[in-house]
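Labels below follow one simple rule: chain letters A, B, ... track the order of the sequence lines, proteins then strands, and each chain is numbered from 1.
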Amino acid sequence: MKRLDLIISERELDAVLKAIDAAGSPGYTVMKHVTGKGPHGSVSEAMDFSGLGANAHVIVFCQPEVLDRLRQGIQPLLGYYGGVAYVSDAEPL
Amino acid sequence: MKRLDLIISERELDAVLKAIDAAGSPGYTVMKHVTGKGPHGSVSEAMDFSGLGANAHVIVFCQPEVLDRLRQGIQPLLGYYGGVAYVSDAEPL
Amino acid sequence: MKRLDLIISERELDAVLKAIDAAGSPGYTVMKHVTGKGPHGSVSEAMDFSGLGANAHVIVFCQPEVLDRLRQGIQPLLGYYGGVAYVSDAEPL
Amino acid sequence: MDTSLVLQNLLTPPVLFFFLGVIAVLVRSDLEIPAPLPKLFSLYLLLAIGFKGGLELQHSGISGPVLPTIAAAVGMSLAVPLVSFAVLRLKLDGFNAAAIAATYGSISAVTFITAESFLDTQKLPHDGFMVAALALMESPAIIVGLLLVKLASTQQRPDNGRMRWGAVLHEAMLNGSVYLLVGSLLIGYLSAANSPLSVEKMLPFTDKLFYGSLSFFLLDMGIVAAQRLADLRRAGAFLIGFSVFMPLFNAVLGALIARGLGLGPGNALLFVVLCASASYIAVPAAMRMTVPEANPSYYISTALGLTFPFNIIVGIPLYMALVNKLVAPAG
Amino acid sequence: MDTSLVLQNLLTPPVLFFFLGVIAVLVRSDLEIPAPLPKLFSLYLLLAIGFKGGLELQHSGISGPVLPTIAAAVGMSLAVPLVSFAVLRLKLDGFNAAAIAATYGSISAVTFITAESFLDTQKLPHDGFMVAALALMESPAIIVGLLLVKLASTQQRPDNGRMRWGAVLHEAMLNGSVYLLVGSLLIGYLSAANSPLSVEKMLPFTDKLFYGSLSFFLLDMGIVAAQRLADLRRAGAFLIGFSVFMPLFNAVLGALIARGLGLGPGNALLFVVLCASASYIAVPAAMRMTVPEANPSYYISTALGLTFPFNIIVGIPLYMALVNKLVAPAG
Amino acid sequence: MDTSLVLQNLLTPPVLFFFLGVIAVLVRSDLEIPAPLPKLFSLYLLLAIGFKGGLELQHSGISGPVLPTIAAAVGMSLAVPLVSFAVLRLKLDGFNAAAIAATYGSISAVTFITAESFLDTQKLPHDGFMVAALALMESPAIIVGLLLVKLASTQQRPDNGRMRWGAVLHEAMLNGSVYLLVGSLLIGYLSAANSPLSVEKMLPFTDKLFYGSLSFFLLDMGIVAAQRLADLRRAGAFLIGFSVFMPLFNAVLGALIARGLGLGPGNALLFVVLCASASYIAVPAAMRMTVPEANPSYYISTALGLTFPFNIIVGIPLYMALVNKLVAPAG
Ligand SMILES: Nc1ncnc2c1ncn2[C@@H]1O[C@H](COP(=O)(O)O)[C@@H](O)[C@H]1O
Ligand SMILES: Nc1ncnc2c1ncn2[C@@H]1O[C@H](COP(=O)(O)O)[C@@H](O)[C@H]1O
Ligand SMILES: Nc1ncnc2c1ncn2[C@@H]1O[C@H](COP(=O)(O)O)[C@@H](O)[C@H]1O
Ligand code: NA
Ligand code: NA
Ligand code: NA
């Protein structure tokens, strides 16, 4: 099986989760309040009071074929809003 | 070496950590306040005030033989309460 | 590409991030409020009010050559202050 | 008269902020009170209600209707789950029926607090020992619920179906919210006897801030309840009906007992509210741990998605009218 | 006289705590107010300012200068982005210019609140309807900003450049902070009419704690603003100049309009502050979603890193002097 | 007389809530005050105690016993670590001995605050300059601790054993809690002189809420201290003895100095409490960074697991009796 790690802005989280559901993923896990740095600059929690939002880290464990559908749904979002997505191998315990 | 990712309810965290210790793991890392969706439905932080709890994400880096013992301690908990567990390869930096 | 997972004390986070930047990494992701157990004992959020700090989990996706430079900057910090660092393979989605 | 009471209740800040939270969900505003801020208010309210109850208990003493009322309250928290279980078994399996039954035998502290605020705006007196009744109704309902699980479960359970009663009793008696409420009650009781000056210094925190903090917390409760309401729709007509009629039935029962106990209208309303409200804090937490076979979206959504809003918005004034009719015709 | 007003403003706890936050960053103290605690204070301040505005609106009634003032405020929130855009286009692309323009058309609730506190220490009266003006200035600025994006963008945008106006309007009108402010205003208005006793019980929370909570929150705002100031230095002289001169220009415009409306000195100052302040809550959140092409560090750093401190520290007393000169020479 | 003071102290809400927290851990209740809520209370208490101290300092002026008392306090924060180090080296290596020594040279703000509350319930006056003494005792102890590390360490340290004194001084002087305390003190001092009206508006926040917030925070401190107590048991009899006898020794020393300074009973008690308390906020944070060779569970568990509860529960009334005997026989 495959493991997908997504790091995106909390503001885009709903759209990403919708895409994950649409791809037929068996589930997902979300960690909010994530900060970091990438091509688009630094993201901190300092403006948390503003609704501006930090990042979210989403993990999906799924079959390779789900991954193909995920790629289609998520690539456009990452392209427009930024964020990273990496895939590795993972086996059920 | 191996990397184990567990995602379980915060309510079962103590039992899981006890099982990890019992398996002789050299350590573990815990992230709480994790949300997600799986076969048993959605988990959010909305009822946080109630002691109902969100999910926790537990990471264990260990030798393959520890993993075997972990499997025995953790599988029954996952079977009864739900949650997911995936293994991948990892090497010390 | 490679994926580096670092788990260190929040108190050393600034030094670690500086080392990551210095190694020319394209970015990083940070999760704070992480707890756990390792060779140096347990780390909880119980003393959060004290500035003592819990752990932080840092993820870096990068090319293997960046990893070599990261190793040099980060190993001394881990040696002196404690913490763990593991590497796995990861491919862009 | 009913409708005027409903309106008087409706147009107070706590209820209006509750609505504001509900509407935020309906119109999909991104208004959010992030964790653990709701926990701050929830801990504060338990601490404050307990402390104030302890003070009043010290002043009034443990006499007259105190012990009979508390005994009756505990009795109701044992009886309501049994009746509820019988009703719920018509449509649900044993696990779900038992978990929901336990929920309705227990109480909602926020509903109780809102009823107290309602009484205050109606200038009707009420007593501190009702807080003791509140505190003592959580645990018995949990235990009855788990006994029902044990009796009803034909299915294989782990540890060969043996209940770990130690863990169960622990969960029932030492749940954080029960513990804080009882502890604060004792602290209020002891402080009032020994250090009136220190009580004086607590009051700006426990007393003056109370109403505003309740309103803030109800904003969050409105958000959470509205999110749950969607779940409930999926759960079907039977559970929706149960969420409204069971409280009404328990309220009538409660009002009759309150009359038997000779309670004044204030205490009688609180007694009725205890009977009619359902737990969405201690009981779901205990059920999640001890009856994982039951579907949380059933027992949380009934208690929180419908019974709670019903009680907050129309229940309290309705029960007041009931009390005025049944218990204290002159009140 | 200006300098005495500046000093009077400077040596009050809210402004001093703001400085304490700024200095913490400059000397690299590890003082930190971790999330979501700032959110608690920000929600509280919106709730309290809205509630108090609603009470006052109920007492004063909706008459006299109320509607013209609100109309003028909304007009300014439409006009300021247009002027700002024209200025910003001299140096910036359409996306960034539009996002910053929207920011300056909108308002800063904390600046407004600090100005109210300043008026209170000056014992100058002001009215609740100004809070309604505050609440109604967020959304129009967002919409104008997005219209400007649409007009100015030659670049390819997703969905073939079609704006999803539903989403945009939703973001503009139902943003959490706008929603809470308007909702609390309505709740204050309704409660004051129907349940004076319940209003009485809210006041220790919404009124007595207000000044201290503002001070605490400004400590955090000082930290955040100082962190942003570093970004702004990188953004260059043009934006730095804009962050100071645009508010001054808008303030003069606002003062003239306030005179035209016949506002008293208290309301006039608030009107000027609304015109001169820039949003760092609702608008950046909306821009981040709908104009990802714009660089957030531009529109946040101008509004928060420079305009906000400028207004808090010297702007408010300066505008007071302006109002004293232009609007109410006898005041 | 001692026991009556102990009882009077014991039966106040702050101490009772501390016990409630301790017992929660002992009976394994799941009561929890999740991060960052304790931080909110800790920041609030530092802000409030600093602000109030500043007000009082402004009113009393900097004269009479102010400077000698502050000098003596700083002197004690230099001397206590030296004595403690000599004792601790009997059993511990240089790193651990130095870290614990620094901890005991510094102070516990919450112990100080609880002592002030105790004085208030005893109606004994005390002065704002004692807060200045409190604020100035954190940094010197850290610096002495690090000097001791340097002198005692034969072991190889990174950077070839060269201390980064810049980092160390930074940690010692600009630690968030020291910074907030000193800053709030200055703000109180400045506001009181320049804007009495604004001080008036701060008081409901800084003054009225103080006692209740302290009680809430002590509930959490009880939980944390009890968790630490288990660690301490593992640390062995020597450190357990040290955690009780060192404070007693320092208290007697402090009482003698207080007599020398001619302090009244209120200020004398606070002086003694400063000497007898140990830091579990600023110093551990600094030691964690600069002396990673020392075991945190030693220096935190002694200060927090035993010395803190000892002082809160029996220390304060005991020291009061000591002061009554030694310092102010007529008081
Ligand atoms: N190379 C990387 N390794 C780990 N996280 C990254 C990396 N690049 C970007 N990120 C994360 O993705 C977020 C969004 O990236 P971006 O919007 O592309 O700058 C950043 O704030 C980081 O949290
Ligand atoms: N396929 C998956 N990928 C990532 N996380 C998952 C997946 N399935 C379940 N989870 C996580 O595990 C939690 C418990 O799952 P369950 O109780 O089996 O529904 C969920 O709430 C998710 O956070
Ligand atoms: N084997 C392990 N697996 C996962 N996390 C670990 C492991 N060992 C240590 N850690 C994490 O790294 C932190 C620092 O470890 P240390 O300071 O070496 O005890 C611990 O608190 C854990 O969060
Ligand atoms: Na009930
Ligand atoms: Na404006
Ligand atoms: Na000391």
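Of all non-hydrogen atoms in D/P36 and F/A35, the two that sit nearest each other are CG-O, 3.6 Å.
With a 4.5 angstrom heavy-atom cutoff, F/F118 does not touch chain D via any of its atoms. Contact annotation for F/F17: both backbone and side-chain heavy atoms come within less than 4.5 Å of a heavy atom of chain D. Residue contact with chain D, scored on non-hydrogen atoms closer than 4.5 Å, is absent for F/L214. In this structure, chain F has a heavy atom under 4.5 Å from the side chain of D/L209, while its backbone stays farther away. Within the 4.5 angstrom heavy-atom criterion, no atom of F/L10 approaches chain D.
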Practice item. For F/F216 and D/F205, run side chain to side chain contact (heavy atoms under 4.5 Å, CB included): C-alpha distance rounded to whole Å, both residues' side-chain angles, the deciding distance at 0.1 Å, then the answer. Key: CA-CA 10 Å; F/F216 200 138; D/F205 185 75; 3.7 Å; yes

Exercise for review: List the steps and the verdict of side chain to side chain contact (heavy atoms under 4.5 Å, CB included) for F/L31 and D/L174.
Suggested key: CA-CA 8 Å; F/L31 178 64; D/L174 293 171; over 6 Å; no

Pairs of donor and acceptor atoms, chain D with chain F, under 3.5 Å:
from	atom 1	to	atom 2	distance (Å)
D/H170	NE2	F/V27	O	3.0
D/H170	NE2	F/R28	O	2.9
D/L174	O	F/S29	OG	2.7
D/G176	N	F/D30	OD1	2.5
D/Y179	OH	F/L20	O	2.6
D/Y179	OH	F/A24	N	2.8
D/K201	NZ	F/D120	OD2	3.3

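From F/I33, atom CD1 reaches atom CG of D/L40 across 9.0 Å, with rounding to the nearest 0.5 Å. Atom-to-atom distance recorded for D/L186:CG and F/L20:CG is 8.5 Å, nearest 0.5 angstrom.
Shown here are the side-chain contact (heavy atoms from CB on, under 4.5 Å) partners of F/A268, two or more places apart in sequence or in another chain: F/A258, F/L263, F/V323, F/V327.
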